Amino acid sequence: MCGIIGFISRKKRLIRGDKIAIALDSLKERGNGQGSGYVGYGIYPDYKDYYALHVFLKNTPTYHKIIDKVKNILSKYGVVVKDEEIPVKEGVLKKEFIPWRFFYDFHDSYKDIENDLMVNIVMEINDKVNGAFVFSSGKNLGVFKATGWPKEVAEFYRLDEYEGYMWLAHARYPTNTRGWWGGAHPFNILNWSVVHNGEITSYGTNKRYVESFGYKCRMFTDTEVVAYIFDLLIRKHKLPVEYALSAIAPKFWDEIERMDEEERRIHEAIRMTYGPAALNGPFAIVVGTHEGMIFMNGDIEKNNTMIGLTDRIKLRPLVAAEKDDLVFVSSEEAAIRRICPELDKVEMPDAGSPVIVRIE
Amino acid sequence: MEEECKMIPSAVPPKYKVEIDRDRCMLCGRCVEECSWGVYRKEKDRIVIYSNRCGACQRCIVMCPRDAITVRRNITCWRDHPLWTAEVREDIINQSKTGCVLLSGMGNAKEYPTYFDRIVLDACQVTNPSIDPLREPMELRTYIGKKPKKLEFEFVEEEIDGKKIKKAKLKTKIAPNLKLETPIMIAHMSYGALSLNAHLAMAKAVKECGTYMGSGEGGLHKALYPYADHIITQVASGRFGVNVDYLNRGAAIEIKIGQGSKPGIGGHLPGEKVTAEVSMTRMIPEGTDAISPAPHHDIYSIEDLAQLVRSLKEATRWKKPVFVKIAAVHNVAAIANGIATSDADAVVIDGFKGGTGAAPKVFRDHVGIPIEMAIAAVDERLREEGVRNEVSIIASGGIRNSADVFKAIALGADAVYIGTAAMVALGCRVCGRCYTGQCAWGIATQRPELVNRLDVEEGARRVANLIKAWTLEIKELLGAAGINSIESLRGNRDRLRGIGLNEVELKALGIKHAGF
Ligand code: SF4
Ligand code: SF4
């Protein structure tokens, strides 16, 4: 059991981070204080063209050496424009790690492949640099997470000092691996961020699948793999979003048999080709997406969107709601009403059918 | 009769002791009729017993109307010796007498570890709900064949109701695959080694269960044509029965390079089993030994194999998936990788416990590696090469129950072949004398009076029952593991734990020990 919530302003209106923290706080029943986290999109307008890498550094007296090692890797392909400790309020949490951020720009010669390179860099740091874990690697967005209750983590990271047009948040009740900072949600790679309630029973299959494409799962928890699957299917393989989501929460064979010839062929091909990417087990996820997604009708999405999705038999709750330009997705309606008591519309998405919210 | 007795020498003590309860016996003579091995002879008011001919196939026991027959292990005292076991001494006595290779049937009979029995499965408790297969869909459908690495779409403008809209169309072509409703297939056992009735029963069963069987290397008897769309035709080194009709008739083609029970050697069907019908199907003269050479004489390297795969595909206009079967040997991962990078659609790995009608005992007991290790090694290697998902892995050799199937898939197989288990469903008692052609159950024989004992309909029902029962159990196990489609189990070694295995074994299997 975990609590998840996300909202997005379709007008890209900027909203302060403490708003999402209040909502998440009302979901604390669904967590146990062993991990809470947030991601805000649009929070670094001054550095919006640079990758913002958030890295956990093991809190030892020699943590500067770890920074040097990270910089060594980064300097191979570009320049660190700025780096600093992420501002935190001391004394709120036991500082297991020092959260550090690097604003990073690739050399021009690498611009065409910068996203792929960034994925490799994240994998390399997480795999090879002892005591460093990259937990956020997108542009103009940042993940803030730690072991602690929702309120504590928000206070620690001084979330009220950031403004974003999309926020996702998660209160964790760890059931598969110990609670540690890196194990808290959201999980992020590039501009993909995932918060997840559930347990992935297909994890072994999914992990080995993404690993054969060069991703490395190093966070000791199952959600990480979801971010990589989105990146692989939608950004790298360029599957139309609707089909990619159908690979992740596959249609039942019975349903596929009833489709018209062409759709049937497509869904059969999806299940044959992407079977190992299917997420099994109970889940509800909210995903902040990378730009450039292609829709079935050929539209290319320039912005980041918010996607809500449950497993195909909906063993975890998910509710969606709207108020003016705001769209919310959450485990519980109560959390939404906490920050937005009057709603225009509330609905329960069907099992396995996605809610996709795009910016106008 | 007296003469025939002399022909069956018994220099070693009989293995079994056959006894008739004389009070119960009513001298009906049923056992005399039923035992095809000549254990019983009727003599006025007595049944005479030649225990040395008995192989414990239990036919007489089951058929005796008075339950008067008991077959026991005949425990003759050999002086105990840890090195010179009774078996070793018996083998030497037999070989010194005949000067021949020792033949044996069925799988490896040595006490090597059965890793399946050292692996346990996972189930959900609290944190994720188990799924009830009676209430929720549970999908076992499996496609065997080449898959693309990724799908490509193109966007085509279409006019619908006067409006122009773009639509994603699938550009990637999907190669022909076999569609299995359950990941259990029946292994290649040839007509010739098996009776026509046994083949028919299995063919009917697989058709009913939405799965497939192998033809074996003996061609396809006409009576099996109606089931050919559920039969994978085999091309072995002897090329018996192979022509373009045969290839086109089946659902897929399998090139047999090797077999788990006798890696590195060919096959031998004794002339006694080559009856008129068998000779026609195999396209060889009646009564001659059918000998498959050890290698394919047109395959001396991996390129040659790739060429044969392509030739078979050309011959069938790229409409049939082509599988390649190899025995699980030390280097199985590299060989499988070579196969995966040819045009082959699936690699079949046959473990060293795989059954057979006849194998030299020394091969059966000493050559090859366990199927569990082979699956793990091949799956891992194909992943390292980034091709695992493009080619299927079929595991065979010693799969005994639904748990074995489940574990094989979690270790990395797509589907399994069962051989011995399907035969046992038909009545086989694993007596291990299939090569003699005298199978009392009408399975591994061509003698019409014995073949007739096997009722095709009843046999089909039993084999289908077995497949259905295992399928049901697999669904239950999946549900308990919180998984509702088989593709999420494939290679999911996280859901397995070893018990009592050392670190090297765990590493080879790619699993953790229980407690971790
Ligand atoms: S060989 Fe079979 S039928 Fe013959 S006596 Fe032994 S058990 Fe009975
Ligand atoms: S098929 Fe017949 S001969 Fe072969 S092991 Fe089974 S019962 Fe014995």
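The sequence lines fix the lettering, A, B, ..., with proteins before strands; numbering per chain opens at 1. Every value quoted in this text rests on a predicted model; they were computed, and no experiment measured them.
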Ring centroid separation Trp192(A) to Tyr215(A) under 6.0 Å: no
His237(A)/Tyr274(A) aromatic ring centres below 6.0 Å: yes
Heavy-atom distance under 4.5 Å to chain B: side chain of [X], backbone, both or neither?
X: Glu268(A); answer: side chain
X: Lys236(A); answer: backbone
X: Leu232(A); answer: neither
X: Tyr243(A); answer: side chain
X: Glu262(A); answer: side chain

Just checking [X]: does its [atom1] atom have more than 12 heavy atoms from other residues, nucleotides or ligands closer to it than 6.0 angstrom?
X: Lys507(B); atom1: NZ; result: no
X: Arg358(A); atom1: CZ; result: yes
X: Glu503(B); atom1: CD; result: no

Shortest non-hydrogen contact between Glu157(B) and Lys166(B), atoms and distance: OE2-CG, 3.8 Å
Greatest number of heavy atom pairs closer than 4.5 Å to chain B - which of Phe252(A), Tyr209(A), Tyr203(A), Phe213(A): Phe252(A)
Top of Ala247(A), Gly214(A), Pro240(A), Pro276(A) for chain B proximity - count of heavy-atom pairs under 4.5 angstrom: Pro240(A)
Members of residues 477-484 of chain B whose heavy atoms come closer than 4.5 Å to chain A: Ala481(B), Gly482(B), Ile483(B), Asn484(B)
Verdict with reasoning, Thr305(A) to Thr289(A), per side chain to side chain donor-acceptor pair (under 3.5 Å): CA-CA 5 Å; Thr305(A) 70; Thr289(A) 70; 2.8 Å; yes
Side chain, backbone, both or neither of Arg495(B) within contact of chain A (heavy atoms, under 4.5 Å): side chain
Quiz item: cation-pi between Lys167(B) and Phe153(B), 6.0 Å / 45°: no
